[in-house]
Engineer: 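Quick one: structure below, then a few questions.
Note that the structure is a prediction, hence the values are computed from the model and not measured. Quick note: numbers below take in every heavy atom, side chains included, and nothing from hydrogens, waters or symmetry partners.
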Amino acid sequence: MEFSQQHLNRAVLEAIDFVHAEGWDAPPTLFALVPSRLLIDALPDPDLEEALSLVVQELPDNLPAGSPELGEYLTRIIWPDQVVGAVLAQEITFRDTSSDDPSPRPARLFSAVLRDEDLTQTILQLRSTEEGLFSDDDYELRGGPGIAPELISALQYSFTLGLDEDDDIYERDEDE
């Protein structure tokens, strides 16, 4: 089955909700995107037949957001065929040079790709500058073309090689 930009957009919004619920000051989070029909035995909702589900992947503790080590790690991943895409969420510092106040702000960067389609999505979630009990419940999302192209390339590269049927290793050797 082919997935559309709309499927990828919905998956990214789910990732945003998931990571946002976990709170700020968190390490990067990597999600595999799999067709929901593979995870649910009996689909009571026909819309789920064509949906993507997020599956959280464990990352090593020594991969800081935005680091070369994180990018290198992403290029060594080999996804099984059932994984049709991936989303990486990481906290960054964002400087909006087009605003009246270009001072750095904490933000989350969500970058997503689909395996067989040339579909990508990158969204910034800006951390609220307001103080208070519910200040983090209100957040601003921004997106557009050309955001974090190196990260998108690393995610796309992780889908370029597959596994043989007998392989049970999901990470490339550094020599490859």
Engineer: Is there a side-chain contact (heavy atoms from CB on, under 4.5 Å) between Leu13 and Ile16 once you walk through the steps?
Structural biologist: CA-CA 5 Å; Leu13 289 174; Ile16 290 169; 4.2 Å; yes
Engineer: Less than 4.5 Å apart, side chain to side chain, heavy atoms only: is that true for Leu151 and Thr122?
Structural biologist: no
Engineer: Enter the distance from Gln121:CD to Leu114:CG here, rounded to the nearest 0.5 Å.
Structural biologist: 10.5 Å
Engineer: For the atom pair CG (Leu63) and CG (Leu74), what is the distance rounded to the nearest 0.5 Å?
Structural biologist: 8.0 Å
Engineer: Would you say Ser36's side chain and Ala51's backbone share a donor-acceptor pair under 3.5 angstrom?
Structural biologist: yes
Engineer: How long is the span from the CH2 atom in Trp79 to the CG atom in Leu155, to the nearest 0.5 Å?
Structural biologist: 8.0 Å
Engineer: Parallel under 30°, tilted from 30 to 60°, perpendicular over 60°: which one fits the rings of Phe18 and Phe31?
Structural biologist: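 Ring orientation of Phe18 relative to Phe31: perpendicular.
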Engineer: Using the test side-chain contact (heavy atoms from CB on, under 4.5 Å), find all partners of Ala107 that sit at least two apart in sequence or belong to another chain.
Structural biologist: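 Only Ile92, Phe94, Leu124, Leu126 meet the side-chain contact (heavy atoms from CB on, under 4.5 Å) criterion with Ala107.
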Engineer: Out of curiosity, Ile147 CD1 to Ser111 OG, how far, rounded to the nearest 0.5 Å?
Structural biologist: 8.5 Å
Engineer: Over all heavy atoms of both residues, which pair between Gly66 and Leu70 is shortest? Give the atoms and the distance, please.
Structural biologist: N-CD2, 4.1 Å
Engineer: Should the pair Arg10-Glu14 be classified as a salt bridge under the 4.0 Å nitrogen-to-oxygen rule?
Structural biologist: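 Salt bridge: no.
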Engineer: Might you point out which heavy atoms bring Ala89 and Phe110 nearest each other, and give the distance in Å?
Structural biologist: CB-CE2, 3.4 Å
Engineer: Do you know the tightest heavy-atom contact between Ala148 and Leu109?
Structural biologist: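 Taking Ala148 first and Leu109 second, the nearest heavy atoms are CB-CD2, 3.9 Å.
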Engineer: Gly143 and Ile123: which non-hydrogen atoms are nearest, and at how many Å?
Structural biologist: CA-CD1, 4.2 Å
Engineer: Can you tell me if CG on Asp118 sees more than 12 non-hydrogen neighbours from other groups inside 6.0 Å?
Structural biologist: no
Engineer: Kindly check if the number of other-residue, nucleotide or ligand heavy atoms within 6.0 Å of CD (Glu22) is above 12?
Structural biologist: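 Yes - once you tally the heavy atoms of other residues, nucleotides and ligands closer than 6.0 Å, there are more than 12.
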Engineer: Side chains of Phe159 and Val83, heavy atoms from C-beta outward: is any pair under 4.5 Å?
Structural biologist: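 When only atoms from C-beta onward are counted, Val83 and Phe159 do touch, with a gap below 4.5 Å.
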Engineer: So, Glu91 side chain and Pro106 main chain: donor-acceptor pair closer than 3.5 Å or not?
Structural biologist: no
Engineer: Rounded to the nearest 0.5 Å, how far does OG of Ser158 lie from CZ of Arg115?
Structural biologist: 8.0 Å
Engineer: Applying side-chain contact (heavy atoms from CB on, under 4.5 Å), name anything that partners Gln82, two or more places apart in sequence or on another chain.
Structural biologist: Leu38, Pro80
Engineer: Might you point out which heavy atoms bring Tyr73 and Leu59 nearest each other, and give the distance in Å?
Structural biologist: CE2-CD2, 3.5 Å
Engineer: According to side-chain hydrogen bond (donor to acceptor under 3.5 Å, both in side chains), does anything in residues 57-67 pair up with another residue at least two apart or in another chain? List the pairs.
Structural biologist: Ser67-Glu69
Engineer: Taking atom CG of Leu141 and atom CZ of Arg108, what is their separation to the nearest 0.5 Å?
Structural biologist: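 Between atom CG of Leu141 and atom CZ of Arg108 there are 10.5 Å.
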Engineer: Would you name the heavy atoms of Leu8 and Leu33 that are closest together and state the gap between them?
Structural biologist: CD1-CD1, 3.8 Å
